[in-house]
Participant: 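Quick one: structure below, then a few questions.
Throughout, numbering of the chain's residues begins at 1 and tracks the sequence.
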Amino acid sequence: MIEKLFMYLQYPFVQYALIVGVLVALCSSLLGVTLVLKRFSFIGDGLSHVAFGAISIAAVMNLTNEMLLVLPITIVSAILLLKTGQNAKIKGDAAVAMISVGALAFGYLIMNIFSTSSNLSGDVCVTLFGSTSIMTLTVKEVWLCIVLSIAVVVIFILFYNKIFAVTFDEDFARATGTRAEAYNLLIAVVIAIIIVLAMNLVGSLLISALVIFPALSAMRIYDNFKSVTIFSAILSVICALTGLIIAILAGTPVGSTIVAVDVVAFGICYIIGALKSKGAIA
């Protein structure tokens with residue numbers, strides 16, 4: 001099995017998948033803690049469905065680079081979702097549901113009406129659940145992922161204190177002079193970028209798992225923001241690598257395998273947290 005793994009690692013498409021998987025897992029875990037604490041966990045789900053709708057439009061328009069359309073639409077939707085979620089008449093969870101269901105319905109409708117593919121169900125399945133093969137990533141997609149991932153990590157590090165303040169007490173942050181709206185906007189834009197990056201790897205229906213599970217797993221064991229964020233990032237990368245390796249060796253769908261590993265990791269962390277709370281673990 002080890003020999004088989006090393007043989008696969010010699011192929012560029014496997015290397016691309018590992019690079020993208022690690023970067024997407026790292027970025028999604030950083031913002032995941034903030035989204036969970038702000039009770040906006042399903043923003044990833046809503047934006048992923050928006051991205052699905054945008055991909056449908058790009059496919060109908062026969063765009064060679066879908067990212068040129070998908071990324072701006074997803075970012076604009078993230079901003080609108082943030083603004084709508086702060087509306088007293090439409091709460092955050094209702095706003096996510098509206099955008100999520102609407103975008104998914106219109107995306108599938110557009111793909112059916114204007115379909116140019118002979119395998120529509122296969123295209124939809126790949127978009128929703130991720131690629132069944134890790135051979136779909138191109139060199140351009142890998143480099144784009146690297147550049148955007150570096151940008152996300154740099155932004156998170158530079159504005160860590162402000163993000164921390166806005167996450168825990170937005171009113172107090174405003175009172176101390178922090179431009180809470182601007183940093184909420186920054187968080188929305190960054191999570192939109194992460195969603196678009198993760199589309200090729202795990203698909204639109206599974207993206208929320210990358211955002212939510214590592215953060216929730218870390219919260220079972222640690223109780224301060226910095227520790228939770230660091231452990232979440234490490235765990236997310238380990239789960240992504242493990243899921244990719246299993247998918248390579250077993251031939252299982254990449255996205256589903258990574259999410260399954262995340263679920264198992266959450267179960268382990270839950271048990272460790274329970275034992276820790278009872279004093280069985282120091």
Participant: Given the rule that I, L, V, M, F, W and Y join up when any side-chain heavy atoms are under 4.5 Å apart, are Ile246 and Leu210 in one cluster?
Facilitator: no
Participant: Let me check something: do Val22 and Ile238 share a hydrophobic cluster, defined by ILVMFWY side-chain heavy atoms less than 4.5 Å apart, either directly or through other members?
Facilitator: no
Participant: Do Asn224 and Val228 have side chains that get closer than 4.5 Å, going by heavy atoms?
Facilitator: no
Participant: Only one of Thr229, Ile212, Val211, Leu216 passes side chain to side chain contact (heavy atoms under 4.5 Å, CB included) with Val33; say which it is.
Facilitator: Thr229
Participant: Which heavy atom in Pro214 sits nearest to a heavy atom in Asp262, and how many Å separate them?
Facilitator: CG-OD1, 3.9 Å
Participant: Consider only side-chain heavy atoms of I, L, V, M, F, W and Y, link residues closer than 4.5 Å, and tell whether Ile268 and Val261 are in one cluster.
Facilitator: no
Participant: CG of Leu71 to CG of Leu148: how many Å apart, nearest 0.5 Å?
Facilitator: 6.5 Å
Participant: CD1 of Ile194 to OG of Ser28: how many Å apart, nearest 0.5 Å?
Facilitator: 6.5 Å
Participant: Over all heavy atoms of both residues, which pair between Ser217 and Leu235 is shortest? Give the atoms and the distance, please.
Facilitator: CB-CD2, 3.4 Å
Participant: Leu23 and Ile157: same hydrophobic cluster, using ILVMFWY side-chain contacts below 4.5 Å?
Facilitator: yes
Participant: Write down the atom of Val50, the atom of Ser77, and the distance for their closest heavy-atom approach.
Facilitator: CG1-OG, 3.1 Å
Participant: Taking all non-hydrogen atoms of both residues, which atom of Leu30 and which atom of Ala233 are closest, and how far apart?
Facilitator: CD2-CB, 4.3 Å
Participant: Taking Ser29 for its side chain and Leu26 for its backbone only, find out whether a donor-acceptor pair lies under 3.5 Å.
Facilitator: yes
Participant: With rounding to the nearest 0.5 Å, note down the distance linking CD1 in Ile248 to OG1 in Thr252.
Facilitator: 9.5 Å
Participant: Anything under 30° is parallel, anything over 60° is perpendicular, the rest tilted; go ahead and classify Tyr222 against Phe231.
Facilitator: tilted
Participant: Measure the CE-SG distance between Met219 and Cys269 for me, rounded to the nearest 0.5 Å.
Facilitator: 12.5 Å
Participant: Before we go on, tell me: are the rings of Phe225 and Tyr160 under 6.0 Å apart, centre to centre?
Facilitator: yes
Participant: When hydrophobic residues are tied together by side-chain contacts of less than 4.5 Å, even through go-betweens, does Ile150 share a cluster with Leu18?
Facilitator: yes
Participant: Ile221 and Lys276: side chain to side chain contact (heavy atoms under 4.5 Å, CB included), yes or no, with the steps?
Facilitator: CA-CA 8 Å; Ile221 301 176; Lys276 187 178 179 180; 4.3 Å; yes
Participant: Looking at Phe164, Phe159, Phe156, which one forms a ring pair (Phe, Tyr, Trp, His ring centres under 6.0 Å) with Tyr183?
Facilitator: Phe159
Participant: On a heavy-atom basis, which atom in Cys27 and which in Val153 lie closest, and how many Å separate them?
Facilitator: SG-CG2, 4.4 Å
Participant: Compare every heavy atom of Ser236 with every heavy atom of Ala25, then report the nearest pair and how far apart it is.
Facilitator: O-OG, 2.8 Å
Participant: Please determine which of Val14, Ile146, Val24 meets the side chain to side chain contact (heavy atoms under 4.5 Å, CB included) test together with Ile19.
Facilitator: Ile146
Participant: Please round to the nearest 0.5 Å and tell me the distance separating atom CG of Leu31 and atom CG of Leu186.
Facilitator: 8.5 Å
